[in-house]
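Heads up, the thing below is written out as structure tokens.
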Amino acid sequence: MNRVSRVNRRGGNRRRTAFVGVGALTAGLLLASPQPASAANLILNPGFETAGTDGMPYCWEKSGWGDNDFSFDTTTDAHSGTKAMKVTLTRRVDGDRKAMVTESTACAPAVSPGKQYDLSLWYKTTTPDAAVTLFRHDTTAGWQYWTDLKTLEMQGNWTQASVRTPEVPAGTDRITWGVSVYGTGSATTDDYTMEQVPDVTPPATCTGTADECANGRWTVLPTQNPVRSMHSVVLNNGKVLLIAGSGNSEEQFNAGTFTSAVYNPADGSYKVIPTPKDMFCAGHVQLQDGRVLVMSGNKAFPVAGGHGYEGFKDSYIFDPVTETYSKTNDLNDGHWYPSATELGNGDVISFGGLREDSTGSVTAELWSNAQQKWLPLSQVNQTWSYWGLYPSMILMQDGRLFYSGSHVFGNNIPGTGSAIYEYNANTITQIPGLQNKDQRDQSASVLLPPAQDQKVLTLGGGNIDSNPDGNRLTDVIDLKAANPAYVAGPPLPQGTVDLGNGPVAETGNQGKMYVSAVLLPDGKVLETGGALHNRANPVFESSLYDPATNTFDPVAADPQARGYHSSSFLLPDGRVMSTGDNPGNGTWNHNVSIYTPPYLLKGARPTITSVIDTQWTYGDTQRITVDRPVAKAELIRPAAVTHSSDPNQRFVDLPLSVSGNNVDLNVTSNPNLAPPGWYMLFAVDANGVPSVAKWVHLQGPAALSATEASPHVHAFADSLTGTVTEPGKKRTSQQVSPTVSGCDRHYGTINVCVPTAFPAQVKKTAAARCAWLKTNHYGRLKVNGKDDPLALDRDRDGVACGKGDVKK
């Protein structure tokens, strides 16, 4: 997990503060007759024939950063004309060097937001570590790194490389680009071209009602989910693994009845799978070969006045081919509600959860992909920190982990509630800006499309312990910034909430917790489901978040309640599936909903007619064919979601090289952007209409081998000013309250959750509390033991909320 330095385009100080003096520099050039761009070519001096100053051709500048030895030479070894540009690295520790189009209004090509551009150049290289790199000029923020588009293969003879940019982001007026050399060797380039892609996609045609075409539609499937599943994993054969374990059912736990099911979207069928342990509230992640690693689960339910939930050490792998579980070696500790994040080398790292004795686990766990086992404690870096339950740990492009602040149950970790963890240095740095950090319980966090932008959205949340109204908060962070911090995003749209007498409009600052957030192939995020309070009062609201405009667009809402133990996820056909809901009275919603987004109601879909090779490696160029023009293509990692959490969810842009119906896709060379595994490949037209996905297997991580350069990572987040925590004193655990789940076990059965704190609007009287429980269909509640902490059994008959308890 290498740490990288802030970009310095000029190669001086390691920290890049601003692009100062570019205009002054170009204004002072002694120009010969500039070589004009060709009729359609937007690049001035594309062949380096016109001299400039500082030893560089007119409209070209020296750029780069890091610890390396380099040279820039105008050479006579040209593809055409008499000159070409040669960039050489003779020693490299980190960083890159590149000749770029000068960042000035005179030289940098003007572009239009929403348009795409075809880039082309001729090159020769003596290194495999060279890539086409783009920067863009934001009219507000100035010049900033945009993306790497294409890794150049080693070539001894002049070779043409072509690539299509993504759609130009809003607020961008100019771009600059060139070839980055980030390994020892050289790249010689010549004859650059840049042309705007013409608009060829016909207008969309609505195939539904006007409302459906604007807002999409939900359909409740005729067949119910046969298991009480709270874990959903989209498998690389298009089926969905639905894990229940005991399904939070006392009867099934006591009987040892643990279940999973495999759902087949092709025919709507379910196959119930024998399940060896209670995987209720386990962690899970897909390994790079497509199997599913399941870690820990529920060893014991809480006992009134005694211990809380307990997590076991067992771990299993589910095989999609045989549809069976097999046991791995044990974890070093128990982890009920653990995180699970795949790293760029295929390993899996896990934090948090509850141990076998109900205390909080401070043990970090590491699954070795090479050894196919959990490593012993002595081989895993430890900070002895407690990260909480289901902490959202998102892999950053340099291999560090961003804890977004999304978690489950009660208050957040101390400090700012968000942090960057660096495994090699074993340090935690607090990140500022997260709003109301102790009310982000069962919020959702996603790495926004595309992953190359390194922006994270966190939305909604509440607090099961204090049980306030769920909130409307959203926060966005740009992890490419030198010193990243959350900034407030737009508030979540409001919907309707069922307070016990049917849905009514939300008021004030009412929002929701138990949020589901799903990355869609058009580059937007569907947020859906949720509830206002601890396992009560479902909220009916869905919207589409657009990262390009930082706005929410309300759309059709799921008609089914989707609160605690619900999940939503993308299917390979571009629809979204939602399942589950487990309110505090212990019931379960077995109905399954399917959302058809508006993009599937805009007429015919593009089709990927062939994928030449489904086995991909980092830095590849992979060819597909399509039946009509497409604007973009991307890899979307299939879901592995539970409790609003899927930190591995990501959308990786694949820059295009287009020749008719043949499309060459340029695969990132950085495994931290797209960890190895199976991905859904979508092609999307200019109207945002996606194809049905094809499955491809991304392998690696060759770019991390000892003999090659590290992945081409543009520096960011290197000037952190937050509090840095070194590894603490070794300890076994952290004390956690047995009421961590927000449920008072003195009442009802194990799977019934009487809240430890009622909503603020409920008066602190037995009559008011009992009325709320009745409204939420709790039924008869037995008092467990002699304690009655909520004063619900005033007549001491062993039954809460009886007639004698609610008399005034």
Side-chain angles (χ1 to χ4, degrees), residues 1-9 11 14 16 62-70 87-100 119 121 123 125-136 144-155 161 163 165-166 175-187 189 343-345 395-400 450-454 479-480 616-621 635 650 652-655 665-676 698 700-718:
M1 299 184 184
N2 59 309
R3 180 164 179 160
V4 292
S5 302
R6 179 69 173 154
V7 174
N8 186 313
R9 298 288 310 286
R14 290 181 65 113
R16 171 195 175 209
K62 299 176 182 179
S63 301
W65 66 278
D67 182 2
N68 48 68
D69 294 335
F70 59 90
V87 179
T88 305
L89 290 188
T90 55
R91 180 191 63 86
R92 178 189 184 269
V93 175
D94 59 13
D96 66 26
R97 297 293 152 179
K98 44 193 175 280
M100 303 282 287
L119 312 180
L121 61 98
Y123 77 96
T125 54
T126 63
T127 174
D129 303 315
V132 177
T133 299
L134 274 70
F135 283 71
R136 68 182 188 89
Q144 54 192 271
Y145 168 67
W146 183 10
T147 188
D148 280 5
L149 284 184
K150 184 181 182 70
T151 300
L152 303 181
E153 297 179 356
M154 287 184 64
Q155 296 291 347
V163 67
T165 71
I175 69 170
T176 180
W177 58 285
V179 172
S180 300
V181 179
Y182 59 98
T184 54
S186 66
T189 60
L343 304 177
N345 62 358
L395 180 66
M396 297 165 59
Q397 71 166 350
D398 65 353
R400 288 180 289 173
Q452 286 91 334
D453 281 359
Q454 293 288 284
L479 295 171
K480 297 195 307 300
W616 292 13
T617 56
Y618 296 101
D620 268 356
T621 298
L635 298 177
R650 58 186 55 215
V652 182
D653 183 61
L654 297 170
L665 306 176
N666 297 278
V667 184
T668 178
S669 62
N670 185 355
N672 294 323
L673 276 177
L698 183 56
L704 293 182
S705 68
T707 58
E708 297 183 15
S710 60
H712 191 212
V713 177
H714 280 272
F716 64 103
D718 69 314

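Computed from a predicted structure; not experimentally measured.
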V179 vs V87, side chain to side chain contact (heavy atoms under 4.5 Å, CB included): CA-CA, chis, key distance, verdict: CA-CA 9 Å; V179 172; V87 179; over 6 Å; no
L635 vs T668, side chain to side chain contact (heavy atoms under 4.5 Å, CB included): CA-CA, chis, key distance, verdict: CA-CA 11 Å; L635 298 177; T668 178; over 6 Å; no
Verdict with reasoning, V181 to F70, per side chain to side chain contact (heavy atoms under 4.5 Å, CB included): CA-CA 10 Å; V181 179; F70 59 90; over 6 Å; no
Residues I175, W146; criterion side chain to side chain contact (heavy atoms under 4.5 Å, CB included); working and verdict: CA-CA 9 Å; I175 69 170; W146 183 10; 4.0 Å; yes
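At least one side-chain heavy atom of L395 sits less than 4.5 Å from a side-chain heavy atom of R650. Side-chain atoms of V132 and Y123, non-hydrogen and from C-beta on, never get closer than 4.5 Å to each other. Y618 is listed as a side-chain neighbour of L698, based on a closest heavy-atom distance under 4.5 Å. The side-chain heavy atoms of L134 and L149, taken from C-beta on, include a pair separated by under 4.5 Å. Considering only heavy atoms from C-beta on, Q397 comes within 4.5 Å of F716 through its side chain.
Judged as a ring pair (Phe, Tyr, Trp, His ring centres under 6.0 Å), and not counting sequence neighbours, the contacts of W177 are Y192. Legend: residues meeting side chain to side chain contact (heavy atoms under 4.5 Å, CB included) with A131, ordered by chain and number and at least two apart, are D148, Y182, H712. Qualifying side chain to side chain contact (heavy atoms under 4.5 Å, CB included) partners for T90, counting only residues two or more places apart in sequence or in other chains: D69, T88. Every salt bridge (charged side-chain N to carboxylate O under 4.0 Å, His left out) that R136 has, sequence neighbours left out, goes to D138. Taking the side-chain hydrogen bond (donor to acceptor under 3.5 Å, both in side chains) definition, one finds that T617 meets it with D620, sequence neighbours left out. Residues satisfying the side chain to side chain contact (heavy atoms under 4.5 Å, CB included) criterion with T621, sequence neighbours excluded, are K150, D664, N666.
Using modelled atom types, no side-chain atom of R97 and backbone atom of N68 make a donor-acceptor pair closer than 3.5 Å. Judged by distance alone, with hydrogens and angles left aside, the side-chain atoms of T125 form a donor-acceptor pair with the main-chain N or O of E153 at under 3.5 Å. A distance-only check finds no donor-acceptor pair linking the side chain of N672 to the backbone of M396 [under 3.5 Å]. Remark: side-chain polar atoms of T176 are not paired, donor with acceptor, to backbone N or O of F135 under 3.5 angstrom.
Between L89 and R92, the closest heavy-atom pair is CD1-CD, 4.1 Å. When all heavy atoms of S180 and T133 are compared, the pair lying nearest together is OG-OG1, 2.6 Å. What you find for V652 and L673 is that their closest heavy atoms are CG2-O, 3.5 Å. Between P676 and G344, the shortest heavy-atom contact is CD-O, 3.4 Å. The two atoms that bring K480 and Q454 nearest to each other are CG-CB, 3.8 Å, heavy atoms only. Across every non-hydrogen atom of P655 and V163, the tightest pair is CB-CG2, 3.6 Å.
The distance from atom CG of L343 to atom CZ of R400, rounded to the nearest 0.5 Å, is 14.0 Å.
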